[in-house]
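Sequence lines set the chain letters: A, B, ... in the order given, protein chains first and strands last, and positions in each chain run from 1.
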Number of protein chains: 2
Amino acid sequence: MGATKTDHFSEEQNKLANMMKALGHPARIAIMEYLIKVDTCICGDIVNELPLAQPTVSQHLKELKNAGLIKGSIEGTAICYCVDKEAIAMLQRYLANTTLQLETKEKSCC
Amino acid sequence: MGATKTDHFSEEQNKLANMMKALGHPARIAIMEYLIKVDTCICGDIVNELPLAQPTVSQHLKELKNAGLIKGSIEGTAICYCVDKEAIAMLQRYLANTTLQLETKEKSCC
DNA sequence: TCTATTAATCGTAATATTGCAATATAGTTA
DNA sequence: TAACTATATTGCAATATTACGATTAATAGA
């Protein structure tokens, strides 16, 4: 035990859960917000923005990348990270649809 | 180490991360989807819907409740769970705003 | 009261995450 | 080539999560 039983759930449920999980840490929320705030995506100063050590930040970036939320490419000596717009858009659509489904229901018994 | 450094991040970042974290598991995504699908919120059959044992489901429900994503109230012998519309709406607004910010930027260098 | 029924809690094992120091890697520049 | 800079990887300790069997608590009905 201890491992998530991913095989019992749908592809979409697992993908969504993975993205949500990646965003389920304040440091990673902060990283995303910073990447969005900064105009250019050439970012070599994410570490300076966060109250965490460099290896920790690097690990968080890796997780965001694995979840498909950011993209990174080598830019000389630094590495260029930026948000994957389509991934965010997908999340947004899912939640918008959920909200819509909820609004059409009048019953709210709790 | 091993514990998340919540105190270095903003209230909002932590709250968001908590919600996202709660949704960061396929079983909990499935629970939310089921609660939304079912017309009434009198739900005593969540366990039958999922490929997980009763204590496990109960624990997942507790986490969703702690994150403020669902509400529950005692309904005789069963317990009535339903989605907290405002919480979902909040998440939705956050992502809609994020998407908006991303759209206004032309540069997508990666 | 006895017995189902339903859901929470406890205890525990397996696994995952978080964070960092130390180190490695790779490109840049003197 | 050597020193410098930026990021990744490794290894490890502390803690959290996941899952479930066993048990408990609470209510409903015979």
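- Applying the salt bridge (charged side-chain N to carboxylate O under 4.0 Å, His left out) definition to pairs two or more places apart or across chains, those involving residues 25-34 of chain B are B:Arg28-B:Glu63.
- Counting atom types as modelled, A:Gln54 pairs no side-chain N or O with a base atom of D:dA6 as donor and acceptor under 3.5 Å.
- Shown here are the side chain to side chain contact (heavy atoms under 4.5 Å, CB included) partners of A:Lys65, two or more places apart in sequence or in another chain: A:Ile70, A:Tyr81.
- Across B:Ile46 and B:Ile31, no two heavy atoms sit closer than the pair CG2-CG1, 4.1 Å.
- When each of C:dT18, D:dA19, C:dC20 is scored by its nearest atom to the side-chain atoms of B:Leu52, the top-ranked nucleotide is D:dA19.
- Counting to the nearest Å, the P atom of C:dT17 and the CE atom of B:Met20 are 18 Å from each other.
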Give every donor-acceptor pair under 3.5 Å between a side-chain atom in residues 18-25 of chain B and any protein atom, sequence neighbours left out.
unit_1, atom_1, unit_2, atom_2, d
B:His25, ND1, B:Ala27, N, 3.0

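- Atom-to-atom, NZ of B:Lys5 to P of D:dA13 comes out at 19 Å; the value is rounded to the nearest Å.
- Contact detail for A:Asp45 and A:Tyr34: the closest heavy-atom pair is OD2-OH, 3.1 Å.
- The NE2-P distance, from A:His8 to D:dT18, rounds to 15 Å in whole Å.
- Not counting sequence neighbours, the partners of A:Glu86 by the salt bridge (Lys or Arg N to Asp or Glu O under 4.0 Å) test are A:Arg93.
- One interatomic measurement links the two molecules: CD1 of B:Ile79 to P of D:dA26, which rounds to 12 Å at whole-angstrom precision.
- Taking CG of A:Asn14 as the start and CG of A:Asp7 as the end, the distance is 8.5 Å to the nearest 0.5 Å.
- For B:Gln59 against C:dA8, a side-chain-to-base donor-acceptor contact under 3.5 Å is absent.
- Checking the phosphate oxygens (OP1, OP2) of D:dA6, no side-chain nitrogen or oxygen of A:Tyr81 falls inside 4.0 Å.
- Here the closest heavy-atom approach between residue A:Met32 and residue A:Ile88 is recorded as CE-CD1, 3.7 Å.
- Taken residue by residue, residues 60-70 of chain A places heavy atoms nearer than 4.0 Å to DNA chain C at A:His60, A:Glu63.
- Contact check, B:Thr56 against D:dC20: a side-chain N or O comes under 4.0 Å of OP1 or OP2.
- Between the A:Thr56 side chain and the A:Leu52 main chain, no donor and acceptor come within less than 3.5 Å of each other.
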Filtered N/O pairs between nucleotides 13-16 of chain C and protein, under 3.5 Å:
unit_1, atom_1, unit_2, atom_2, d
C:dA14, O4', A:Met1, O, 3.1
C:dA14, N3, A:Met1, O, 3.1
C:dT15, O4', A:Met1, O, 3.3

